[in-house]
Every structure is written in structure tokens, then in C-alpha cells.
Protein chains: 2
Amino acid sequence: MNLNDTLFRLKALGVKVTPQRQEILEVLLGEERYYSAEEILKKVQARYPAVSFDTVYRTLNLFKKLGLVVELNFQGGYRRYEFNHADRHHHHLVCLKCGRSQKLACCPTDCLAGIEEENPEFAITGHSFEIYGYCKDCRGQVK
Amino acid sequence: MNLNDTLFRLKALGVKVTPQRQEILEVLLGEERYYSAEEILKKVQARYPAVSFDTVYRTLNLFKKLGLVVELNFQGGYRRYEFNHADRHHHHLVCLKCGRSQKLACCPTDCLAGIEEENPEFAITGHSFEIYGYCKDCRGQVK
DNA sequence: TCCTAGATCAGATTTATTCCGATTTAGGTA
DNA sequence: TACCTAAATCGGAATAAATCTGATCTAGGA
């Protein structure tokens, strides 16, 4: 999924393509990692200095609803956002220092199936599975 | 793990046992579910009206460090706390409406082992695995 | 009973996110 | 191409969650 495909998809959904939204997408597509709202704001402001937090948050929430962006709630209450590259559901290996993440092919579907079977009265709507730690570049720097 | 065992453990760790801390523990031990800081505050204030948010948060963070309490970051950025009943690591089936949770015996250890093997350069420190949905009592009420 | 490190209280502060009203604009239409 | 309007943006204010601060209090050891 590249920028043009995504812009086309937005138009098809009747969503206006503004320069700010386009720039936010370019940031998210630039590097496959999680970003904080502030990081995104700073990067977007490099080209559009007047962009506000409000625009960043509104856009991220819109993209989240459209399935273009995934939000993760880190331990400690930090929210991070990543472009939803995958066509299908996936999980992450997340570096707690630099925030970079890598997709994992693995999903604990066997666990989920078992849980669903054992709890038929519970209506499962979703699940989270994230692995935390320190990546190659950061593991030495942990104070 | 009951109240007296826990109080004994606190004393053994050199941590002061105050009435507020004891009451917070009683709340957490009362029902096996996740609580928000505010819910805990309200319940503790029923007996100690002067208790402040500060005390609740400080105590929860202390208990978290001591491993007595588990914190979960819900989607949307809500933090919830639960007494760490289990002697060993476990996961939850969490109701998004009432907040009640039930422990799961299942843990995706096979996934984790595979991930660890495939990413030897990444220092894994932890993982999250939570299943969200609506429990028997709440599934009909979802608006 | 006294003493002191540690805990609490109350309110101020910080930080992340959302809201609001005025202004601007993307994209459809004539 | 110019116009129109719903939707998006801006900037700052408002809100909410969590933490900090400084004065006061207290659990538990001597």
C-alpha cells in the first residue's frame, strides 16, 4: 500500500484529501514504526508550520476508523500510531526505547479458538498481542 | 492470596501498612475485576472520605512495582488495575462495558518461543495478550 | 512514649487530548 | 472557470488523567 493507492482510497470513500492529511500519510508511510502524535506533528510542521495538534489527532482518529492506521496503547499510557500496512491482521515486536516496530507473522489463533470455545457466552470483539523489549540498536543503551 | 497474607508480605518488605493502603487492597481483593483509579478512590472514600487521588495513584504504582497489582492499558487510553491473584503469569478476558475480567489459563507461549528464536537480536522484556468483548451480562446492553 | 522516615492531604501543575468558534478550502456543479 | 457548501483547519481554550509540592501526620521501631 503506497501513498497514491491510499489517496485514491480516501477519495473513493468520499473523504477530502487535504495537504495536511497527505503529509501525515507520508510521514506514516516513510518508516515502518510507531509514532506519537507529537512526532507526527513535528514532522508535518516541517512542511506546514501552522498545522495544529487538533488536525493531527482528528486525522489519526479518522484514519483509525477507516482502518488505515493502527493505534497501540503502550504500558505507561503512551499512545502510538502506525500505518496499517498489512492487508490482514498482525501483531508487533515493539522497541520500548526508539518505538520502532516490526510486524510478526505469528498470531495466537489457536489460543483464541480455544478461548472462544470455552467461553461461548462471551462476545469477543478483538484482542491485543504485543511483544515488548529492546531492539538491536537500543539494547546496549538501556540505562 | 488474601488480605492478611498480603499485609504480612508488605510488612516483610519494609513497606508501611496504612489504613488507606489496607482499604485499597480490600477493594482490589473484593471482586476479581479491573478497576479505574477513580473507582478505587470512590470506594476507599466510603470509609476514608479524605483520601486523595494522589494516594490512590501512589499506592497503585507501589503495588505495581511490588508485583501485587497488574496495570492494563485499554484501547482508548484507559488504565485499569487488578490485584495480581495469580502466582504465575496470566492473561484476561476483559468486558469492555463493565470492566470485569476473568483470568485465562492460556498463554501464547509457543508463539513467543518462535518469536524469540527468530529474533535473537531483540531483547524481549514482556508481552501483552488480552481478549476484549462483552460478557454475558453486558452483551445485550451494547447500544 | 518518643522519634523519624515515610505517608498523606489538598491543591497546583503538567501533559495529552478534545472541544469550539471563526476562517479557509476541497471538490462537486453550473 | 467561478461559485458554493459541507467539511476541514487553525488557534486557543477547556478537559481529564496523572504527578508534583510543601505542609502536616503517622506507622512502627527504639
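What you see below is based on every heavy atom in this structure, not just the backbone, and it leaves out hydrogens, waters and symmetry mates.
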Let me test you: for the helix from C/dT1-D/dA30 to C/dA30-D/dT1, what is the angle between the axes at its two ends (five pairs each), rounded to 10 degrees?
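The value is 30°.
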
Is there a donor-acceptor pair closer than 3.5 Å between any side-chain N or O of A/Asn73 and the backbone N or O of B/Asn73?
no

Measure from the side-chain N and O atoms of B/Gln45 to the backbone N and O of B/Val51, and report whether any donor-acceptor pair falls under 3.5 Å.
yes

Does [X] reach a base, just sugar-phosphate, or nothing at all? Heavy atoms under 4.0 Å.
X       : value
A/Pro19 : sugar-phosphate
A/Gln20 : sugar-phosphate
A/Arg58 : base

Rounded to whole Å, please give me the gap between [atom1] in [X] and [atom2] in [N].
X       : N      : atom1 : atom2 : value
B/Gln22 : C/dT8  : CD    : P     : 12 Å
B/Leu62 : C/dA7  : CG    : P     : 7 Å
A/Asn73 : C/dA16 : CG    : P     : 14 Å
B/Tyr48 : C/dC9  : OH    : P     : 10 Å
A/Lys16 : C/dT25 : NZ    : P     : 11 Å
A/Leu13 : C/dG27 : CG    : C1'   : 16 Å
A/Tyr57 : C/dC19 : OH    : P     : 13 Å
A/Tyr81 : C/dA16 : OH    : P     : 12 Å

Start at the 5' end of DNA chain D and walk down; is the nucleotide closest to A/Pro49 or to A/Val15 reached first?
A/Val15

Is the shortest side-chain N/O distance from [X] to OP1 or OP2 of [N] below 4.0 Å?
X       : N      : value
A/Asn61 : C/dT18 : yes
B/Thr18 : C/dT8  : yes
A/Arg79 : C/dT17 : yes

Between B/Thr59 and A/Val17, just flag the one whose closest nucleotide in DNA chain C comes earlier from the 5' side.
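Result: B/Thr59.
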
Checking A/Leu60, A/Asn61, A/Leu68 against A/Lys64 for side chain to side chain contact (heavy atoms under 4.5 Å, CB included), the one that qualifies is A/Asn61

Minimum heavy-atom distance between A/Ser128 and B/Tyr132, given as atom pair plus value
OG-OH, 3.9 Å

What's the separation between atom CZ in A/Phe122 and atom CD1 in A/Ile115, rounded to the nearest 0.5 Å?
10.0 Å

Does B/Lys43 come within less than 4.0 Å of B/Glu39, counting only side-chain N to carboxylate O?
no

First and last nucleotide of DNA chain D in contact with chain B, 5' to 3', at under 4.0 Å to a heavy atom: what are they?
D/dA17 to D/dG28

Parallel, tilted or perpendicular for A/His91 and A/His127, by the 30°/60° rule?
tilted

Applying salt bridge (charged side-chain N to carboxylate O under 4.0 Å, His left out), run through A/Arg80 and A/Glu130 and close with a yes or a no.
CA-CA 13 Å; A/Arg80 293 293 123 96; A/Glu130 304 293 329; over 6 Å; no

B/Tyr35 and B/Tyr81 aromatic centres sub-6.0 Å
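No, the ring centres sit 6.0 Å or more apart.
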
Go through the side-chain N and O atoms of B/Arg9 and B/Thr6 and say whether any donor and acceptor fall under 3.5 Å apart.
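Short answer, no.
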
